[in-house]
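Nothing here was measured: the structure is a model prediction, and the numbers come from that model. By convention in this document, chain letters (A, B, ...) are assigned in the order of the sequence lines, proteins followed by strands, and residues within each chain are numbered from 1.
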Amino acid sequence: MKDIPTHYDQSKESEIYKLWEESGYFNPDNLTGEPFTIIMPPLNANAPPHVGHALGLTLEDIMIRYQRMLGKKTLWLPGTDHAGLETQVVFEKKLEKEGRSRFQMTREEFYKEVWDFVQLNKHITEEGIRRLGASCDWSRNTFTLDPKIVEIVYDTFRQMHSVGLIYRGNRICNWCVKHQTNLADLETKYIERTDPLYYIKYGPFVLATVRPETKFGDTALAVNPKDLRYKKYIGQEIEAMGLLGPIKLKVIADEAVDQEFGTGVVKVTPAHDPADYEIWMRHKDEIPGPKQVIDSRGKMDLPGTKYHGLKVAEARKIVTEDLQKAGLIEKIDENYKHNVQVCYKCGNIIEPLIMPQWYMAMTKKFRVGSLGLGDNLKSKNSNLQSLRDMGVEAVKNGGTKIMPERLEKVFMHWMENIRDWPISRKTWWGIPIPVWYKGDEIKISETSPGDGWTQDPDTFDTWFSSGQWPYATLMVHGEKDFETFYPTQVMETGWDILFFWVARMIMFGLYKTGEVPFETVYLHGLVRDKDKQKMSKSKGNVVDPLGVIDQFGVDALRMALTVGNLPGNDLPLSEDKVRGYRNFANKIWNASRFVLQNTEDFDTKTKLTPDDQKILGELAELVKDITKLMDKYDFAHASENLYHYFWHTFADKIIEESKTKLASPGTKKSTQLMLITVLETSLKLLHPFMPFVTESVWQQTHKDLLIIQKWPKDLH
RNA sequence: GGGUGAUUAGCUCAGUGGUAGAGCGUCUCGUUUACACCGAGAAGGUCGUAGGUUCAAUCCCUACAUCACCCACCA
């Protein structure tokens, strides 16, 4: 005991983790009590964990460790995600560096290489999770491509297809030319650009457009029905000179046309503009259908003309020149500011294209009780519902509570405006769509139904599988798990994937099981650098959590990510902050060292002096406060209060004052008992936040593990 | 265009209807046998602006300003 080192040694952390893991207490099968479950958001298996993962894992671990100490049967189920498009993009960048491209490979070769890449990263990711101290149950570790998971994903697809909630639609979609796939609206963003606005003559009209190159795909002209200037033309067919000869276009009236914009006349190009596509949908009977003039590589698709094969940007230049030569351009406004839709990954302009994709109907009503999906669903709902309504209802009536509360409004707003979700992607890396075609026939099957059948070439949007994560992970480890642990208690994740993931999990969960997948959604913010800048590789301000751990220890990082971090708020992280908590870890170590060295002969039967009773009374108050905060998921304040108490009350005052009390025979015994009580209680309270240093201290004098000690309640 | 959040000490942020707190930083002092990854102490804020409600507002209400973010089919 006398030879406790004067500094806390972080390098022993991995030994402590091994001790816990081998104890079996990460596995709920070895625990009793009421279940408490968190499903870990599966980490993308394409790169080592970043500091955002560290934040999430820390918060989840705090919750789990606290609940375990409360005596619950805690399950924290870890997992990794194949992360379809994300991983494919990462891997293609790697190929590019090597001077290769997936288009020089067969799809099978590519898949095999990505598979190996992901297996390697999966391992690295899992080691990272361990280093952060995550007390999760590795025996239930799950990967999104595990065959049993894929089976459930297929099962859901089959079910939803059979009731018309999943359908194939040939409609306009967001096409990324670079990634060669369609994207959901959520996977695109808008950037402001200044482009020339061309005023082009169309027979008797002049109209404004930024995309003259799409004029070959025009199928109509549109004006606002209230626009008196053009009233007489509505329903008429006008003739105009085009670059490829004369054209005839019908003039239609549509509310979507803004009289104030340009000249109040719009060309309708349904094949290459979402708004125009919608106009066509409303006027299907009056005007011809979409006419495609741009292909999936972003090149003009006009065989037999001089424009064929030109990239869109080049085509725009040449078409403009030709229009000018033909005297068809009235004027050009060079400073037109507008928003352009781009790919969220590469920033390239989205090329809207029409092609068949699979969709999930979010607002379509279906008779819930008639699906034969399970007793829960049948008994609770027998009315007509849509996936959207189910989700909205669950959050509104508190079945699922969103933290922070303000994000509930954001959730509702998004749900109210939700559109059908494109669930298929042209990505090669992913779960293949289990659909086969032969002529007009369609069959849903994992394997080929026989000769002459070809499989749908697409894969699922990653969120289609991860959206089913809460029940899927619990179903693949035996029926008992699902019964015991579903619905789960908490889903802890970043607010940035509230729509991508959380909303979909809620809807999938309700559809498939009749119950919300989790009671509380705890949404953490974004970790930023010390100057509150977003971390990004290009800025070079990315904090590597494993590097920080090497330097300051896991506990220090965990505290830096916890103190002052309220749900939904972004968190600036600086080295100074982490260093501060490294110092705190050392403070814990040394205060413990003092107490342990001076209380070897303490006696639990000692009668406490009034002074020491008062100290323990205050400690009891602290326990009450901290417990209340923990139950409210307010870890920011719980950790801050503990920090303050341990350092400035326990170490600075109680321990300092104990030095004279220990020296006096009359108060020595009472002081010893008081000190050891305060220390051990503090270690327990601190354990969820700083598991390593607290367990290290505990191990100095105990044979059992701190990890399963009972959370302090009554001190006597 | 719609929406949300923020605006409190040099910095990062808590907080409460009754004239403000923490951490870090700064300054002064201290080589005390747990710890210098330390201790004792100090300085530092008209709580964004203008109104309103109230006996009383930093906290409630209304505008405004600035910043940040989210959503959205301006051709």
N/O-N/O pairs, protein side and nucleotides 23-33 of chain B side, under 3.5 Å:
residue, atom, partner, partner atom, Å
rG23(B), OP1, H648(A), NE2, 3.3

TODO: Give a yes/no on whether any side-chain N or O of N569(A) is located under 4.0 angstrom from OP1 or OP2 of rA14(B).
DONE: yes
What side-chain donor-acceptor pairs closer than 3.5 Å can you find for residues 328-335 of chain A, not counting sequence neighbours?
residue, atom, partner, partner atom, Å
D333(A), OD1, N335(A), N, 3.1

Open item on the list: With rounding to the closest Å, how many angstrom separate the P atoms on rG15(B) and rC70(B)?
Closed with: 24 Å
TODO: Identify whether NZ of Lys or CZ of Arg in R316(A) sits under 6.0 Å from the centre of the six-membered ring of Y198(A) and within 45° of that ring's axis.
DONE: no
Open item on the list: For rC73(B) and R419(A) - does any side-chain N or O of the residue sit under 4.0 Å from the phosphate oxygens OP1/OP2?
Closed with: yes
Open item on the list: Both atom distances under 3.5 Å, Watson-Crick or G-U wobble: I'd like the secondary structure of RNA chain B as a dot-bracket string, with | for pairs made across strands.
Closed with: (((((((..((((.......)))).(((((.......))))).....(((((.......))))))))))))....
TODO: For rA43(B) versus rC24(B), give the span between their C1' atoms, rounded off to a whole number of Å.
DONE: 16 Å
Open item on the list: Under 3.5 Å, is there any donor-acceptor pair linking the side chain of Q341(A) to the base of rA72(B)?
Closed with: no
TODO: Applying ring pair (Phe, Tyr, Trp, His ring centres under 6.0 Å), name anything that partners Y230(A), two or more places apart in sequence or on another chain.
DONE: F205(A)
Task: C1' atoms of rA9(B) and rA14(B), separation to the nearest Å - done: 13 Å
TODO: Determine: side-chain N/O of Y190(A) to OP1/OP2 of rC73(B), distance under 4.0 Å, yes or no.
DONE: yes
Task: Residue pairs involving residues 547-582 of chain A (criterion ring pair (Phe, Tyr, Trp, His ring centres under 6.0 Å); sequence neighbours excluded) - done: Y581(A)-Y643(A)
Task: Test side chain to side chain contact (heavy atoms under 4.5 Å, CB included) applied to E13(A) - qualifying residues, sequence neighbours left out - done: Y8(A), Q10(A), I549(A), V554(A), F692(A)
